[in-house]
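Reviewing the structure listed below.
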Amino acid sequence: MFTDIAIARRHAFSLSKSLMMATFVIAIGQHYGVITAEDLDGSVAIVTEFDPFA
């Protein structure tokens with residue numbers, strides 16, 4: 001979990017390029033998390049999406 005959105009975005013971008021799959025920055029209260037497209041379900045608030053193929 002991250003408290004700074006900029007750090008969460010950097011980690012999501014790096015993870016997306018490393019795994020070559022879409023990653024998402026999600027908001028959980030006052031914190032942010034990074035998940036892959038495989039782990040995404042409809043109950044989270046997506047802040048940013050990184051797609052390595054776009």
Side-chain angles (χ1 to χ4, degrees):
M1 294 293 236
F2 304 99
T3 56
D4 185 7
I5 187 73
I7 294 172
R9 286 182 176 155
R10 280 189 297 225
H11 282 277
F13 179 75
S14 175
L15 186 63
S16 176
K17 293 294 185 181
S18 296
L19 298 177
M20 293 305 291
M21 67 182 335
T23 59
F24 301 95
V25 176
I26 58 170
I28 305 168
Q30 298 288 331
H31 294 90
Y32 302 97
V34 176
I35 60 172
T36 62
E38 293 177 344
D39 298 327
L40 182 65
D41 63 6
S43 65
V44 296
I46 298 173
V47 177
T48 308
E49 175 184 354
F50 292 99
D51 185 357
F53 301 107

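Residue numbers run from 1 in the order of the sequence given. Everything numeric here is computed off the predicted structure, so don't read it as measured data. Side chains included, hydrogens not; waters and symmetry mates left out as well; all remaining heavy atoms used.
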- Item | Interatomic spacing from OG1 in Thr23 to CG in Asp39 - rounded to 0.5 Å |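 These two atoms lie 11.0 Å from each other.
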- Task: Could you grab the distance from atom CD1 of Ile26 to atom OG1 of Thr48, nearest 0.5 Å is fine?
- Result: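 If I round to the nearest 0.5 Å, the distance is 11.5 Å.
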- Donor-acceptor pair, side chain of Ser16 and main chain of Met21, under 3.5 angstrom: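 Pair found, side chain donor or acceptor close to backbone of Met21.
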- Any chance you could pull the hydrophobic cluster mates of Met20, using side-chain heavy atoms under 4.5 angstrom and chaining through other members?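 Members besides Met20, by chain and number: Phe53.
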Could you list the residues that satisfy side-chain hydrogen bond (donor to acceptor under 3.5 Å, both in side chains) with [X], not counting sequence neighbours?
X	answer
Ser18	none
Asp4	none
Ser14	none

- Item | ring pair (Phe, Tyr, Trp, His ring centres under 6.0 Å) contacts touching residues 2-29 (sequence neighbours left out) |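 Applying ring pair (Phe, Tyr, Trp, His ring centres under 6.0 Å) to every pair that reaches into residues 2-29, excluding sequence neighbours, yields Phe2-His11, Phe13-Phe50.
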- Message: side chain to side chain contact (heavy atoms under 4.5 Å, CB included), that's the test. Do Val44 and Ile28 meet it? Break it down for me.
- Response: CA-CA 8 Å; Val44 296; Ile28 305 168; 5.9 Å; no
- Identify whether Met1 and Ile35 are in the same connected component of the hydrophobic contact network (ILVMFWY, side-chain heavy atoms under 4.5 Å).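 Hydrophobic grouping puts Met1 with Ile35.
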- Message: Among residues at least two apart in sequence or on other chains, which ones pass side-chain contact (heavy atoms from CB on, under 4.5 Å) with Ile5?
- Response: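 side-chain contact (heavy atoms from CB on, under 4.5 Å) list for Ile5, sorted by chain: Arg9, Val25, Tyr32, Val47.
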